Student: 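Can you read through this structure? Questions will come right after.
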Amino acid sequence: MSFVITTPLYYVNDKPHLGSIYTTLICDSIARYKRLTGADVIFITGVDEHGLKIQRTAKNKGVEPQFHCDEISDIFKQNWKDWDITHNKFVRTSSKKHEYIVKEFYNRVKKSDDIYMGVQKGWYCVGCEEFKDNPDNSPTHKCPIHQKTLEWKNEENLFFKLSKYQSQIEELIKEPKFIQPKERRNEIINFVSKGLKDFSISRTNVSWGISVPDIDNHTFYVWFDALLGYVSAISLDMNQPSLDESIDNGWPADIHLIGKDILRFHAVYWPAMLISAGMKVPKKVYGHGFLTREGQKMGKSLGNVLDPEILLSKYGKEAVRWYLLKDITLGQDGDFQNKRFVDIINNDLANTIGNLLNRTSSMSRKWFDNRVPSNELLSKDNTLELYAKKTVENYFRHFNSYELDLAANVILSLAINTNLYLNEKQPWTLIKDEKNIPLVSNIIYNVLESTRIVGLLLLPILPNLSSKIDQQLGLLYNENESWKKQLDWGKLIHESILPAPNPVIEKLEYE
RNA sequence: GUCAAUGUAGCUCAGUUGGUUAGAGCACGACAUUCAUAUCGUCGCGGUCGGCGGUUCAAAUCCGCCCAUUGACACCA
């Protein structure tokens, strides 16, 4: 079973910011999860490289656009390496393969009679790459976002007949699962109900782009170009890529995970384009929220932008992953608070999970000759086993509906409950009487087993921490057995050796 | 301006079809313990559930109005 998941193709005007990291981490976690459940995952990311903005950025730097794009796209690649991102495809829209796909796609859309030449005029912001409707609001004709002077444009553009697909798009977005979260879905429905207008898909005098076949001086508008990156990414053949090949190899995408700002392109324009080309639409478009910092919007003008590289070097990827995935509900805006960050990492990862592993392993080593004790005496009291089973169930349910925060919280609850179980049973008191040894061995087996499951469940969310836990439990993770199977209770092998415990995660300190 | 969403303890949030003293985690305070990473645990502090009015035997939960915040309103990777 194949599963196709995409991040947006990030614009190469700058190196990755925290938002790009956030989106990509979510996708990475989902991709890891799907792989573990046996799916044949194609995890796509990449960069969007064309457009006037890039052309000018390069010019200002005194380099060719391609050079600039090579540079930034290498930075992206390095970033994903640093963050342990497990993408399968990294697509560049300046690649030859992509160009083939765009042109073929264009021809299909053209054949559907959905392309015509029109005139677009108005005030244009190069920063936004868009026409502004009411520049009258600003007498200076400046873009409200970029504070740049708008440029008057009066040019012929190719248009795509979006209006033709009004009813089909309405039908599509009516499907509750297509757009998520549902709050965003209503916005889109509202928008579409007002009537769809055709939109332009080409620009004149933008040399840095894919040229429109047979029409001089026209290049494709970045959106038309970039969205197709998802399709060209799937194509395998560098020499002879084709839409059909991409379809055979996995299209359509199961989920486009994007920021809420670009939801409309993915949920309305993109499906219409695909329908026009006779292709399947993506199964789901999920718009996540934005990140703020200490309650404030992050922005260059405010000077409060959080640099992901600093975050990474200072706290490590596991900590950042945990905070972003566990503490922020997918689809809602999230706030990055330094104090909360430190508190959560220390409490959840170090105190609750790390210490559980540590105390459990120590007891076992101390009383059972550095080994996992026997579980022969199966007492009727198997509350922990029941709880673990319930946890695994809930975890799958949440992950399947992309509730990563809830999935993470469910793991945490299992760890908390295991700690409670220990405090209740008090094996350190029982062990003082020799006749209790079978009982103690059963208790210790249970907590070790529960801890093993905590570690296994962490695998898609915190892969490194998960494998550290596995190491301390004696490397039980078995590549030859399915992950789901390994989550069954009772897989911990008794008599196996437990290495000396070491903190699996360092505590963080306030600045 | 129009439409929509949100507004529950210091912070992040749960609160199912309205029903006993409104919950969790973190933070804070006290106690206790040692198997453990000054850790786990127990107890406590802390909320007129944005405001006003209404429906009801009963509302955080339904209705109306108001306030605040956020988002969408056509091409902002």
Side-chain angles (χ1 to χ4, degrees), chain A residues 7-13 19-20 23 46-49 51 53 93 120 125 127-133 143-146 160 162 181-184 186-192 194-201 221-227 229 258-266 268-269 289-290 292 295 297 326-329 332-335 337 339-340 342-344 346-367 405-406 409 412-413 415-416 418-424 426-429 431 440 444 447 501-507:
Chain A
T7 72
L9 301 189
Y10 303 109
Y11 207 49
V12 292
N13 57 336
S20 326
T23 318
V47 284
D48 170 18
E49 310 179 88
K53 191 155 51 167
T93 61
Q120 179 139 324
C125 171
C128 304
E129 294 277 17
E130 75 181 40
F131 286 91
K132 294 292 169 185
D133 288 336
C143 167
I145 299 168
H146 293 87
F160 170 71
L162 179 64
K182 59 179 189 301
E183 300 81 26
R184 303 268 148 222
N186 291 337
E187 285 173 13
I188 300 288
I189 287 176
N190 207 304
F191 162 75
V192 172
K194 289 177 187 164
L196 294 172
K197 286 184 193 166
D198 300 344
F199 67 96
S200 65
I201 61 160
Y221 176 51
V222 280
W223 272 107
F224 188 83
D225 166 357
L227 286 163
I258 52 172
K260 62 185 182 182
D261 53 331
I262 53 172
L263 185 56
R264 191 197 305 142
F265 292 93
H266 286 79
V268 179
Y269 295 26
F290 283 162
T292 52
K297 260 184 192 165
K326 179 260 178 183
D327 208 46
I328 296 170
T329 301
Q332 293 185 348
D333 287 348
D335 194 32
Q337 297 174 3
K339 184 177 184 322
R340 186 169 173 78
V342 172
D343 284 343
I344 279 185
N346 288 346
N347 275 291
D348 296 351
L349 301 186
N351 295 350
T352 302
I353 295 175
N355 182 54
L356 169 67
L357 174 67
N358 187 274
R359 71 193 298 209
T360 304
S361 174
S362 305
M363 281 186 274
S364 197
R365 284 169 52 82
K366 195 173 219 167
W367 303 329
D405 60 325
L406 297 181
N409 271 303
L412 195 60
S413 298
I416 289 171
T418 311
N419 272 320
L420 283 170
Y421 174 87
L422 266 176
N423 282 14
E424 205 179 286
Q426 299 193 38
W428 49 89
T429 308
I431 198 70
V440 171
I444 298 300
V447 291
N502 244 322
V504 285
I505 192 141
E506 293 297 323
K507 285 203 182 184

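A, B, ... follow the sequence lines: proteins, then strands. Residue 1 opens every chain. None of the values given here were measured: they were computed from a predicted structure.
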Student: B:rU61 and B:rU56: how far apart are their C1' atoms, nearest whole angstrom?
Tutor: 13 Å
Student: What integer number of Å spans the P atoms of B:rA5 and B:rC66?
Tutor: 15 Å
Student: Which nucleotide, B:rU12, B:rA72, B:rC40, lies nearest any side-chain atom of A:Glu187?
Tutor: B:rA72
Student: For the pair A:Arg359 and A:Val447, evaluate side-chain contact (heavy atoms from CB on, under 4.5 Å) and give the outcome as yes or no after the intermediate values.
Tutor: CA-CA 10 Å; A:Arg359 71 193 298 209; A:Val447 291; over 6 Å; no
Student: Could you walk me through whether A:Val268 and A:Val192 pass side-chain contact (heavy atoms from CB on, under 4.5 Å), step by step?
Tutor: CA-CA 8 Å; A:Val268 179; A:Val192 172; 3.8 Å; yes
Student: Quick check, are the ring centers of A:Trp223 and A:Phe265 under 6.0 angstrom apart?
Tutor: yes
Student: Which nucleotide in the set B:rA74, B:rA27, B:rC35 lies at the smallest distance from any side-chain heavy atom of A:Met363?
Tutor: B:rC35
Student: For B:rA68 and B:rG50, measure between their C1' atoms and round to the nearest Å.
Tutor: 7 Å
Student: When the C1' atoms of B:rG29 and B:rU37 are compared, how many Å lie between them, rounded to an integer?
Tutor: 23 Å
Student: Take atom C1' in B:rC45 and the same atom in B:rG10, then report the distance between them in whole Å.
Tutor: 12 Å
Student: Roughly, in whole Å, what's the span from CG in A:Leu422 to P in B:rU42?
Tutor: 13 Å
Student: For nucleotides B:rG7 and B:rU21, find the distance between their P atoms and express it as a whole number of Å.
Tutor: 24 Å
Student: Round to the nearest Å and state the distance from A:Tyr269 atom OH to B:rC75 atom P.
Tutor: 7 Å
Student: According to a strict under-4.0 Å criterion, is A:Trp223 in side-chain N/O contact with OP1 or OP2 of B:rC76?
Tutor: yes
Student: Output the single nucleotide from B:rA27, B:rA74, B:rA77 whose closest atom is nearest the side chain of A:Asp343.
Tutor: B:rA27
Student: Using a heavy-atom cut-off of under 4.0 Å over every strand shown, decide if A:Leu420 touches base, sugar-phosphate, or nothing.
Tutor: sugar-phosphate
Student: Tell me: CD of A:Glu506 to P of B:rA38, nearest whole Å?
Tutor: 12 Å
Student: Which whole number of Å gives the distance between the C1' atom of B:rC35 and that of B:rA30?
Tutor: 24 Å
Student: Ring of A:Tyr10 versus six-membered ring of B:rA77: centres under 5.5 Å and planes under 30°?
Tutor: no
Student: What verdict does the side-chain contact (heavy atoms from CB on, under 4.5 Å) test give for A:Leu422 and A:Met363, after you've listed the backbone C-alpha separation in whole Å, the side-chain angles of each residue and the deciding distance to 0.1 Å?
Tutor: CA-CA 11 Å; A:Leu422 266 176; A:Met363 281 186 274; 3.7 Å; yes
Student: Specify the closest pair of heavy atoms between A:Thr93 and A:Glu49, including all atoms of both residues, with the distance to one decimal.
Tutor: OG1-N, 2.9 Å
Student: Across the strands shown, which category fits A:Gly229 at heavy-atom distances under 4.0 angstrom: base, sugar-phosphate, nothing?
Tutor: nothing
Student: Is the CD atom of A:Glu506 crowded by more than 12 outside heavy atoms at less than 6.0 Å?
Tutor: no
Student: Check whether the ring centres of A:Tyr269 and A:Phe199 lie less than 6.0 Å apart, and answer yes or no.
Tutor: yes
Student: What interatomic distance, in whole Å, is found between P of B:rG18 and the corresponding atom of B:rC11?
Tutor: 30 Å
Student: Picking from B:rC76, B:rA36, B:rA77, which would you name as closest to the side chain of A:Tyr221?
Tutor: B:rC76
Student: Dot-bracket, 5' to 3', for RNA chain B please: Watson-Crick or G-U pairs under 3.5 Å, [ ] where pairs cross earlier ones, | where the partner sits on another strand, dots elsewhere.
Tutor: (((((((..((((.....[...)))).((((.........)))).....(((((..]....))))))))))))....
Student: Please report, rounded to the nearest Å, how far the C1' atom of B:rA36 is from the CH2 atom of A:Trp367.
Tutor: 10 Å
Student: Look at the side chain of A:Pro503 and decide which nucleotide, out of B:rU37, B:rC35, B:rA74, has an atom nearest to it.
Tutor: B:rU37
Student: Give the nucleotide from the list B:rU42, B:rA36, B:rC11 with an atom nearest to the side chain of A:Lys366.
Tutor: B:rA36
Student: Could you check which of B:rC11, B:rC35, B:rC75 has an atom nearest any side-chain atom of A:Ser200?
Tutor: B:rC75
Student: Give one of base, sugar-phosphate or nothing for A:Val47, where a contact means two heavy atoms less than 4.0 Å apart.
Tutor: nothing
Student: Can you tell me which nucleotide in B:rA36, B:rC3, B:rU12 comes closest to the side chain of A:Asn190?
Tutor: B:rC3
Student: Would you indicate which nucleotide in B:rA27, B:rA38, B:rC35 comes nearest to any side-chain atom of A:Lys507?
Tutor: B:rA38
Student: Rounded to the nearest angstrom, tell me the gap between atom NE2 in A:His266 and atom P in B:rA74.
Tutor: 20 Å
Student: Does the side-chain ring of A:Phe199 lie flat on the base of B:rC75, meaning centres under 5.5 Å and planes less than 30 degrees apart?
Tutor: no
Student: Calculate the interatomic distance between A:Lys339 atom NZ and B:rG25 atom P; express it in whole Å.
Tutor: 16 Å
Student: Rounding to an integer number of Å, can you tell me how far A:Leu263 CG sits from B:rA4 P?
Tutor: 19 Å
Student: Kindly say if A:Asn351 contacts the phosphate of B:rC40, meaning a side-chain N or O under 4.0 Å from OP1 or OP2.
Tutor: yes
Student: Run A:Asp343 and A:Gln337 through side-chain contact (heavy atoms from CB on, under 4.5 Å) and show every step you take.
Tutor: CA-CA 10 Å; A:Asp343 284 343; A:Gln337 297 174 3; over 6 Å; no
Student: Rounded to the Å, how far apart are A:Lys260 NZ and B:rA5 P?
Tutor: 16 Å
Student: Can you name the residues that form a side chain to side chain donor-acceptor pair (under 3.5 Å) with A:Asn351, not counting sequence neighbours?
Tutor: A:Lys507
Student: Using a cut-off of strictly less than 4.0 Å, decide whether A:Asn346 has a side-chain nitrogen or oxygen near OP1 or OP2 of B:rC26.
Tutor: no
Student: Tell me which one of A:Leu349, A:Asn347, A:Ile353 satisfies side-chain contact (heavy atoms from CB on, under 4.5 Å) with A:Leu412.
Tutor: A:Ile353
Student: Specify the residue among A:Asp348 and A:Ile353 whose closest nucleotide of RNA chain B lies further upstream toward the 5′ end.
Tutor: A:Asp348
Student: Using the side-chain heavy atoms of A:Ser362, tell me which of these nucleotides is nearest: B:rC35, B:rG71, B:rA77.
Tutor: B:rC35
Student: Indicate, with a heavy-atom threshold strictly under 4.0 Å, whether A:Leu196 touches base, sugar-phosphate, or nothing.
Tutor: base
Student: Pick the nucleotide of RNA chain B nearest each of A:Asn423 and A:Asn186; which residue has the one closer to the 5' end?
Tutor: A:Asn186
